[in-house]
Amino acid sequence: MTVLDPIRALERMTLIRAYEETLVALHGEQRAAGTCTSVGQEASAVGVVSALTGDDLILTNHRSAGHLLARGADPGRLMAEVMGRSGGYCKGKSGSLHISAKELGVVLTSTIVGGELALATGVGLSRAMLGGEGIVVCFFGDGAACQGRFHESLNLAAVWNLPVLYVCENNQWQAFVHRRETMTGEGFTAHAAPYGIPAESVDGNDVEAVHAAAVRAVETVRRTRKPFLLETLTYRLRGHYEPDDQGYVDAGELAHWRARDPIAGLRRRLEERGTLAADAAARIDAAAKRAMEEAVAFAEASPHPDPAELTSDVYA
Amino acid sequence: MTVLDPIRALERMTLIRAYEETLVALHGEQRAAGTCTSVGQEASAVGVVSALTGDDLILTNHRSAGHLLARGADPGRLMAEVMGRSGGYCKGKSGSLHISAKELGVVLTSTIVGGELALATGVGLSRAMLGGEGIVVCFFGDGAACQGRFHESLNLAAVWNLPVLYVCENNQWQAFVHRRETMTGEGFTAHAAPYGIPAESVDGNDVEAVHAAAVRAVETVRRTRKPFLLETLTYRLRGHYEPDDQGYVDAGELAHWRARDPIAGLRRRLEERGTLAADAAARIDAAAKRAMEEAVAFAEASPHPDPAELTSDVYA
Amino acid sequence: MTDMTMPQMTMNDAISAALAEEMRRDATVLMFGEGVATKRPDLVAEFGGARVRNTPLAEGIIAGTAAGAAATGLRPVIDLLFAPFLCYAMDEIVNSAGKLRYLSGGQFAFPMVVLAGTGGGWGVGAQHNHNVEAWFVHSPGLKVVMPSTPADAKGLLKAAIRDDNPVMFFTDLALGYAPGPVEEGDAVLPLGRAAVRREGADVTLVAYAKSVGTCLEAATRLAERGVQAEVVDLRSLKPLDEETILRSARKTGRVVVVHEASRLCGIGAEVAAIVAEKAFGQLRAPVLRLTGPDAPAASSFPLEAAFAPQPDAVVEAVLRSVGSPAARPVELPAELPVPA
Amino acid sequence: MTDMTMPQMTMNDAISAALAEEMRRDATVLMFGEGVATKRPDLVAEFGGARVRNTPLAEGIIAGTAAGAAATGLRPVIDLLFAPFLCYAMDEIVNSAGKLRYLSGGQFAFPMVVLAGTGGGWGVGAQHNHNVEAWFVHSPGLKVVMPSTPADAKGLLKAAIRDDNPVMFFTDLALGYAPGPVEEGDAVLPLGRAAVRREGADVTLVAYAKSVGTCLEAATRLAERGVQAEVVDLRSLKPLDEETILRSARKTGRVVVVHEASRLCGIGAEVAAIVAEKAFGQLRAPVLRLTGPDAPAASSFPLEAAFAPQPDAVVEAVLRSVGSPAARPVELPAELPVPA
Ligand SMILES: Cc1ncc(C[n+]2csc(CCOP(=O)(O)OP(=O)(O)O)c2C)c(N)n1
Ligand SMILES: Cc1ncc(C[n+]2csc(CCOP(=O)(O)OP(=O)(O)O)c2C)c(N)n1
Ligand SMILES: [Mg+2]
Ligand SMILES: [Mg+2]
């Protein structure tokens with residue numbers, strides 16, 4: 001998908017926001033477990049995922065709701081998973097932290113920070129050896145990029161020519177530690193060059209910019225069958241994990257990024273361009289709200305796993 | 001030590017060569033275990049170690065004989081260690097692969113490739129926190145630089161301002177795999193820049209060049225209390241581990257590097273300069289030979305460890 | 001010494017108190033890890049940013065740095081957060097900290113403490129919840145601690161920090177917020193001593209961490225049925241207090257080991273093997289193990305809760321043990337009550 | 001089926017043969033690791049460089065790549081060389097390959113084999129020689145194999161490659177070059193079945209890898225003293241063949257477990273615990289374990305050789321067991337020989 005429909009993007013970003021805010025609310029009412037939300041990062045998820053085709057595989061991590069929903073995941077099944085219900089994508093065994101949905105091509109989600117980077121080369125190797133046009137997209141955070149696996153993964157992908165698009169979602173935080181405390185530079189693209197890997201950094205809060213960069217990156221990987229590193233510069237607007245009062249976050253920085261909210265920004269741009277119909281924003285919000293009501297209803301109606309599930313699915 | 005005495009360097013390099021060739025011969029006679037020799041890499045060891053002061057600490061790995069002997073280790077106690085005798089630096093428990101000699105400031109040798117890189121930051125942290133002028137020098141191979149720990153170590157040293165001189169001895173081989181098969185670039189210095197770490201690459205077979213570069217690097221670390229990456233480009237002239245017929249080594253490449261033997265080269269240069277007395281070379285060889293005879297005699301006279309050593313030194 | 005007069009404290013607070021006291025006592029003690037400085041502003045305020053540090057997100061280098069620092073004059077405490085993350089630090093812990101003293105012929109010591117939380121209670125699933133303490137018991141050169149009370153956590157952590165060996169200090173996540181009495185002052189609890197939490201003549205329940213509570217609950221119920229269970233809290237998994245285990249096993253003749261970790265090659269296997277060798281002559285029933293299954297822990301709350309052995313299961317196992325028609329009949333002492 | 005008519009092969013060659021046969025049989029089988037292509041030019045020649053690859057020196061990414069590939073259509077075999085190097089690959093093996101099937105609700109399978117050598121015999125010390133097989137037995141989702149003969153190595157490796165689960169395949173370095181009979185053709189040996197290497201009525205020796213030879217040697221010496229030892233070779237450590245262990249234990253009533261790995265929480269602990277629970281009624285003597293000490297392995301040859309239990313020690317332990325005045329006297333069967 002090389003041309004982004006900004007209305008569709010807005011819909012999807014709104015859905016992601018609604019989904020995560022619903023989970024936060026449910027958590028407040030003790031109806032759902034805490035989650036790592038991606039509030040503020042929706043443009044990165046939607047911009048990249050909308051640049052993929054159905055043949056492409058995605059690896060993600062603990063902060064995966066955006067990637068999954070951008071890929072078309074059913075909010076009800078996601079929510080059921082977060083609530084540990086058998087109707088979830090992983091029968092409730094994963095909970096929020098390691099949701100995979102093979103049917104959507106979202107595979108091998110690992111909540112070990114760095115885990116997805118080690119698995120991505122293997123998925124890339126299958127793609128390379130078993131044929132096809134598909135590429136592999138691996139989402140990871142700035143924290144994961146501090147793990148040595150980041151480098152091991154880039155190096156192997158370069159040496160073996162693996163079709164992996166590495167997407168570093170640099171949201172400035174690594175749980176309770178600011179990125180600044182963990183590195184000397186400002187980003188990660190400089191690490192790609194010594195591996196001979198092309199890299200690009202993009203404003204991660206501008207879905208159109210992300211999409212355009214992702215299209216270029218995906219096209220490069222698809223054509224060259226070699227890796228590419230895309231960094232989306234964004235911000236985690238909520239805490240690391242619900243609940244988190246963000247007491248350790250600099251208020252000025254937070255305000256700065258709140259002003260750059262990717263959803264509000266897109267809406268504003270579309271309004272300025274005159275391409276958002278008068279009632280469209282309200283319609284999109286309402287649709288998201290409705291979807292959430294359905295999702296919650298589905299999730300809460302879904303039963304907890306049978307006790308026998310304690311030991312099923314351990315061995316193939 | 002900022003000025004290298006090339007005659008002393010030649011003596012030391014000759015001693016290292018004699019030591020390792022003696023071990024190879026003893027191994028052939030089944031009088032000693034196999035070892036990872038550093039034949040061909042003597043200039044790197046002597047050039048760097050001669051740039052240090054007694055306050056500096058060294059970490060090394062499985063290919064450590066050069067570093068230890070350059071630091072003044074007793075060949076007899078080294079040989080005893082390789083032979084598993086109680087008179088060795090580690091009471092015979094290490095054998096050749098993890099020889100440390102705390103009294104010489106050669107600490108925490110690890111034969112886990114990458115292990116020394118993870119420990120070096122800790123030694124650097126002690127140096128930084130406990131005061132003093134001393135710096136830490138961590139020797140590691142091109143193989144170790146493929147481990148993610150290389151990056152984790154550089155990053156932490158950069159972020160925490162640790163006085164660590166990283167010395168990558170790029171000898172073109174990683175056991176039975178040529179460096180070319182494991183990386184896209186030619187060396188490792190390019191990886192330093194994104195961490196804000198200064199780096200230099202030097203002809204590792206020219207002891208004077210290595211020394212000069214090491215003096216600059218050591219001085220920089222001592223002054224800035226920050227890390228530095230020095231890469232010595234050299235070649236492993238013998239196999240990975242004795243015995244190893246090097247059947248997998250390209251004959252042309254081997255011949256090329258044999259012609260660049262660091263000891264023959266230094267000798268030739270000194271002769272050309274007229275600074276090597278007529279009988280000096282022969283005297284140096286003879287002294288090394290004598291030292292080896294003494295070392296072998298010491299080592300073979302040293303008893304094997306008492307059976308009680310099976311479980312001593314496990315806990316402090 | 002009675003509980004009533006002592007201040008109450010959670011295990012998390014007890015750990016904080018131990019850290020502060022030891023850092024105050026010894027200027028070479030320092031602490032680092034992902035978010036350590038963020039989460040412990042009090043320590044930063046008192047001891048400064050050099051001794052309480054956030055780190056990059058990289059467990060391997062955190063542990064390696066600790067080992068290197070420990071061998072050269074510092075006494076680091078590192079927080080690796082959740083036990084499964086130890087997987088990234090195994091080389092540094094096992095191959096370096098655990099072995100380089102021996103391989104160097106005793107030239108180095110590694111006075112360091114590795115903190116990690118583990119066990120169910122948070123619904124976070126197997127990549128955050130995996131009881132791997134047995135790995136480290138199996139590995140030479142390390143010590144392993146896993147307390148069940150705030151007081152023990154404090155006293156054992158102080159001992160761990162003063163110990164010249166690498167100590168793996170596991171905290172059971174389910175116990176972090178439960179208050180308990182903690183003696184004021186410098187109460188150091190030596191590593192390697194189990195505690196008899198409840199005395200009883202009929203059966204020995206051996207447990208650690210959350211399973212101690214499970215066993216105490218089971219013991220209460222068993223007492224109602226006339227069975228007196230002795231509850232041994234291991235506290236230290238290495239060194240293991242064989243003497244206390246065996247004394248109790250020899251007295252009761254019946255042993256049930258209970259833990260959340262998976263069964264195969266777990267602590268329960270070790271305890272059972274010790275008992276089967278050294279208290280064989282006094283055993284009156286098979287040694288039983290109640291453990292987590294050979295499965296990863298699920299996030300889903302009911303599955304997570306079912307993972308660790310529950311009091312009911314302990315009661316049932318004990319009754320089976322006490323009442324079982326022993327394949328090899330033994331003389332039951334006259335006073336042994338028959339379960340209702 | 002008799003040994004004489006079968007070709008003789010070393011364990012290393014048996015492994016090579018199994019690899020070649022399985023790669024021939026199934027185009028999705030591939031192999032990679034540090035030096036794999038250099039050391040296996042035959043496989044490169046037959047299957048090409050894409051299916052037999054050298055890798056960068058980085059165990060973590062090797063294992064992660066294997067897990068990722070396994071879950072998406074390939075059947076990788078990786079060689080991680082020496083068991084202590086597994087420390088760099090624990091996350092990929094334990095947290096990913098071992099858990100992501102479960103955590104995903106069964107969406108993925110991980111048909112992969114991890115090769116690693118271990119044990120004494122090469123004088124290389126504890127960073128190359130550390131028997132950590134018990135770690136993986138303790139971890140869910142994995143299988144663990146450790147053969148003692150070339151034939152078993154071949155048959156088990158073929159089964160491991162065909163298995164849809166991650167299999168840890170440990171080779172005892174001391175056994176690599178000893179020849180043994182290996183059946184020609186496609187002899188797949190199912191995982192999870194122990195072998196009775198020698199029958200005997202008086203005592204059961206349970207062992208695996210090099211310790212099987214130690215036990216057979218001890219059994220020969222014991223026979224000279226009139227004690228008939230049965231030797232059980234576990235072969236598969238997970239799944240563990242409880243049935244064969246228990247059948248023998250119940251028959252002989254005496255069990256001695258022997259392995260090179262350290263004692264605490266090792267396979268011996270597991271076997272002892274199983275026996276103490278499920279063959280309790282038939283036991284006539286304490287279950288004994290002879291194992292490596294809680295120490296890293298030294299390089300020095302005499303220390304290395306002393307690390308693993310030796311036949312003398314097994315003989316001595318058995319005689320102690322058979323002859324011990326049992327704390328709880330049992331009726332000795334009439335035919336039980338008294339040791340000289
Ligand atoms: C190996 C490992 N270490 C630590 C954690 C705990 N943890 C979970 S998310 C997180 C922060 C990750 O930061 P980043 O990679 O930037 O991703 P983000 O959360 O910002 O999306 C941490 C430390 C973990 N899950 N795995
Ligand atoms: C973690 C680990 N993996 C593999 C090995 C086996 N091994 C020992 S030396 C070596 C090659 C190391 O290459 P390099 O770092 O370049 O050092 P060099 O031997 O060339 O000096 C290998 C693979 C090891 N000791 N540790
Ligand atoms: Mg982040
Ligand atoms: Mg090299």
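Order of the sequence lines sets the chain letters (A, B, ...), proteins ahead of strands, with each chain counted from 1.
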*From CG (Leu97(B)) to CG (Asn129(D)), nearest 0.5 Å*: 11.5 Å
_Set out, in order, the CA-CA distance, both residues' side-chain angles and the distance that settles side chain to side chain contact (heavy atoms under 4.5 Å, CB included) for Ser300(D) and His304(B), then state yes or no._
CA-CA 7 Å; Ser300(D) 185; His304(B) 281 288; 3.7 Å; yes
_Within this structure, what is the CD-OG1 distance for the pair Glu181(B) and Thr55(D), rounded to the nearest 0.5 Å?_
9.5 Å
*Per-residue contact mode, Asp142(B) against chain D (heavy atom under 4.5 angstrom)*: neither
*Considering only heavy atoms and a distance below 4.5 Å, find which of Gly247(B), Pro305(B), Pro307(B), Ala175(B) pairs most often with chain D.*
Pro305(B)
*Among Ser86(B), Gly84(B), Gly148(B), who wins on heavy-atom pairs under 4.5 Å with chain D?*
Gly84(B)
*Measuring heavy-atom distances to chain D, does Ser96(B) have an atom under 4.5 Å in its side chain, in its backbone, in both, or in neither?*
neither
*Does any N or O in the side chain of Thr38(D) come within less than 3.5 Å of the main-chain N or O of Phe176(B), such that one atom is a donor and the other an acceptor?*
yes
*Heavy-atom distance under 4.5 Å to chain B: side chain of Tyr88(D), backbone, both or neither?*
side chain
*Using non-hydrogen atoms only, which part of Glu59(D) is less than 4.5 Å away from chain B: side chain, backbone, both, or neither?*
both
*asked:* Please check: side-chain N/O of Ser299(D) versus main-chain N/O of Ser94(B), any donor-acceptor pairing under 3.5 Å?
replied: yes
*Heavy-atom contact with chain B under 4.5 Å, split by part of Gln127(D)*: both
*asked:* Check this for me: Glu103(B), atom CD, are more than 12 non-hydrogen atoms of other residues, nucleotides or ligands nearer than 6.0 Å?
replied: yes
_Atom pair OG1/CG of Thr182(B) and Leu57(D) - distance to nearest 0.5 Å_ = 8.0 Å
*Portion of Phe307(D) that has a non-hydrogen atom of chain B nearer than 4.5 angstrom*: both
*Side chain, backbone, both or neither: which part of Arg149(B) has a non-hydrogen atom closer than 4.5 Å to chain D?*
side chain
*From NE2 (His128(D)) to NE2 (His62(B)), nearest 0.5 Å*: 8.5 Å
_Heavy-atom pairs under 4.5 Å with chain D: which of Thr111(B), Asp313(B), Val314(B) has the most?_
Thr111(B)
*Which bit of Val124(D) comes within less than 4.5 Å of chain B, counting heavy atoms only: side chain, backbone, both or neither?*
both
*For chain B, the option from Val36(D), Ile61(D), Asp294(D) that forms the most heavy-atom pairs under 4.5 Å*: Asp294(D)
*Closest contact, heavy atoms only, Thr311(B) versus Pro293(D)*: CG2-CB, 3.6 Å
*Ile112(B) versus chain D, heavy atoms under 4.5 Å apart: side chain, backbone, both or neither?*
both
_Structural part of Tyr241(B) lying under 4.5 Å from a heavy atom of chain D_ = side chain
_Just so I understand: if I count every heavy-atom pair under 4.5 Å between each of Ala295(D), Ala58(D), Ala298(D), Ala37(D) and chain B, which residue has the most?_
Ala58(D)
